[in-house]
Amino acid sequence: MSTETASAADRVAAPPPAGWDEARSRVYAVGLAAALPAASRPLAEIDGHTLAEPLTTRTDLPAFPTSSVDGWAVRGPGPWRIVGQVLAGNTPAPLAEDSTTVEIATGAMVPEGTTAVLRVEESTRTAEGLVAGTPRTAPEWREPGEEAYAGEELVPAGTPVDPALIGLAASCGHDSLRVRRQPRAALLVFGDELLTAGPPAAGRVRDALGPAVPAWLRRYGCQVRPSEVVGPVADTLPAHVAALRGALTNADLVCTTGGTMHGPVDHLHPALEALGADYVVNTVAVRPGFPMLLARLVGADGRVRFVAGLPGNPQSAIVALVSLVAPLLAGLAGRPMPALPHATLAEPIPGRGDYTHLALVRLDRVAGTAHPVRHVGSAMLRGLAGADGFAVIRPGTSGEPGDRVPVVPLPLLSGERAG
C-alpha cells in the first residue's frame, strides 16, 4: 500500500457496523429527502416511472350510462316499435314514447327515457315486426360513477406505473401524468485481476458483476446506459478518483464493485474522502455482504448524488444491492419503503450470531413456503440463479421449520411486482 493510500485509509476509522434494519431505514430516508424531480409526461412514455401525484378521475366512470349487452333499449311495456339504432360513440335521441325501442350495442350510450335493456338473445319479433320479450329485473347497463366519481383518488402518489395503471389513466381522460424521472445509474468495476471475456485462468477471474449489476439496476427502475458501465478500473487511487468523478457527472447513483475493504489495492474509501463524500452507512452487520457502504455527495450544482460500494464477491454484492440500493432507489423515486413479504421455512437455516443472515431461498408460492438452496457461498452465483429471494434470519436467532420469516424478493422483470 502506498503512503498516500495508507494515510487516507487510516483517517477513515471503521465504525461499528449498522444493523441491517437500521441501514435500510437510513438509506431510504436519505433517498426520500433527495427524491428526484417530477415532470408531466405522455402516457406512452411513463411505464416504469413513479406517480408524483395521485391519479384522479376527470369525469365519472363511466361518464354516461352505457349498455352492458347487445340488445334493445326499451321504454314502457312491450311489444315495442323500433324507432332507431344506437352504436357506441354516438349520442342518441331520447326515447320519448312508451312501447318504443332502439337497437343498442354493447358500450353504447343508453338513451334518456329507457326503462330497460332487453338482451338480443332473449328477444323475438312479432309478425308485425315489433320486438317482444321480457327484460331481466337487474339493469343491463352501467350507471355513471359506478367505477369512480369525478375527482375521486384512484391510486396514490408513489405508485409504480405499469400497463394497468396507464390504461386506467387513459380511461379517466388523462393524456399525461406527473411522474418522477427514473434514477440514472452507473457502474464502476474495480479489480485488475478481472477478465471481461473468456473463461477464468492463470490467477484471473471472470467479472460477473459488470454484466449482471446493470441488469439488476434496470429491474429496480434505473436507467443504465452501456457507456456508463466502466471497468476494470486500474488499482490506483488517482484512477479511482477520476472514474468516480466522471461517473458522478450524470448519474444519481454510482455503484462500485470491490474495494470496500482497506487492503493494499482497496482505494474506494480514500477516493470518497478525496471527493468530499459523507457516509450514510459504512458497513452493515449482515452475512453475506460484508462490507458494503453508501456515501452521499453534494455537487457544485447542489444536486445530491450517491455512491454504493458493493463487495467484490458476487453474491455479497447482490446482498448489498437488496439491502442498500433497493431502499435508496425507492426513496429517490418517491415510493414507499419496500414492504417485505413473509414465508414459512420448510427447512432449517442457521443464524450468523450477531449478524443478520440473508439466506437464499426458493419460494413455493402455492404452499407459502421458503426452501433454502445450495451453492450459496459469497463468491458463488449458482444458488442465486435458482433463487427467488433472501430469507431474513435475525441476529441471535436461527430459522427453524415452521418459522414465519421476512423474505427480501429479488427484483422481477420491469413492470412486474414482487411479493
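Since this is a predicted model, take the numbers as computed values, not measurements.
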[X]: partners by salt bridge (Lys or Arg N to Asp or Glu O under 4.0 Å), with sequence neighbours left out:
{"X": "Glu153", "answer": "none"}
{"X": "Glu22", "answer": "Arg26"}
{"X": "Asp70", "answer": "none"}
{"X": "Glu53", "answer": "Arg178"}

[atom2] on [Y] to [atom1] on [X], rounded to 0.5 Å:
{"X": "Thr397", "Y": "His357", "atom1": "OG1", "atom2": "NE2", "value": "10.5 Å"}
{"X": "Ile393", "Y": "Arg287", "atom1": "CD1", "atom2": "CZ", "value": "16.0 Å"}
{"X": "Leu253", "Y": "Arg305", "atom1": "CG", "atom2": "CZ", "value": "12.0 Å"}
{"X": "Leu177", "Y": "Ser40", "atom1": "CG", "atom2": "OG", "value": "7.5 Å"}
{"X": "Ile166", "Y": "Asp162", "atom1": "CD1", "atom2": "CG", "value": "7.0 Å"}
{"X": "Glu143", "Y": "Leu61", "atom1": "CD", "atom2": "CG", "value": "14.0 Å"}

May I have all residue pairs that pass salt bridge (charged side-chain N to carboxylate O under 4.0 Å, His left out) and include part of [range], sequence neighbours excluded?
{"range": "residues 242-253", "result": "Arg181-Asp252, Asp252-Arg303"}
{"range": "residues 28-43", "result": "Arg41-Glu45"}
{"range": "residues 384-400", "result": "Asp21-Arg394, Arg365-Asp388"}

Main-chain N/O of Leu36 paired with Arg180 side-chain donor or acceptor, under 3.5 Å: yes
Val405 backbone acceptor or donor facing Asp403 side chain under 3.5 Å: no
Does some side-chain heavy atom of [Y] sit less than 4.5 Å from a side-chain heavy atom of [X]?
{"X": "Thr50", "Y": "Thr159", "result": "no"}
{"X": "Val74", "Y": "Val117", "result": "no"}
{"X": "Glu140", "Y": "Ser67", "result": "no"}
{"X": "Leu87", "Y": "Glu103", "result": "no"}
{"X": "Val155", "Y": "Leu165", "result": "yes"}
{"X": "Met292", "Y": "Leu324", "result": "yes"}
{"X": "Arg136", "Y": "Leu118", "result": "no"}
{"X": "Cys255", "Y": "Leu187", "result": "yes"}

Pairing residues for Phe306 by the ring-ring contact (aromatic ring centres under 6.0 Å, His included) criterion, not counting sequence neighbours: none
Heavy-atom neighbours of Asp354 CG exceed 12 at 6.0 Å: no
Tabulate below the donor-acceptor pairs under 3.5 Å that side-chain atoms of residues 308-317 make, not counting sequence neighbours, or state none.
residue	atom	partner	partner atom	Å
Gln315	NE2	Val376	O	2.7
Gln315	NE2	Gly377	O	2.9
Ser316	OG	Gly289	N	3.2
Ser316	OG	Ser378	OG	3.4

Cation-pi geometry met for Arg218 and Tyr220 (6.0 Å, 45°): no
Inter- and intrachain pairs under ring-ring contact (aromatic ring centres under 6.0 Å, His included), touching residues 149-193, at least two apart: Phe190-His240
Trace of the side chain to side chain contact (heavy atoms under 4.5 Å, CB included) decision for Tyr279 with Glu273: CA-CA 10 Å; Tyr279 289 106; Glu273 183 183 30; over 6 Å; no
With Pro144 via side-chain contact (heavy atoms from CB on, under 4.5 Å) - residues at least two apart: Asp60, Pro65
Stepwise side chain to side chain contact (heavy atoms under 4.5 Å, CB included) check, Val322 with Leu410: CA-CA 7 Å; Val322 303; Leu410 292 169; 4.3 Å; yes
Ion pair Arg184/Glu228, N-O distance below 4.0 Å: no
Distance-only polar pair, side chains of Trp141 and Thr66, donor-acceptor under 3.5 Å: no
Show me the donor-acceptor pairs within less than 3.5 Å that the side chains of residues 340-351 make with the rest of the protein, sequence neighbours left out.
residue	atom	partner	partner atom	Å
His342	ND1	Leu340	O	3.4
Thr344	OG1	Arg404	NH1	3.3

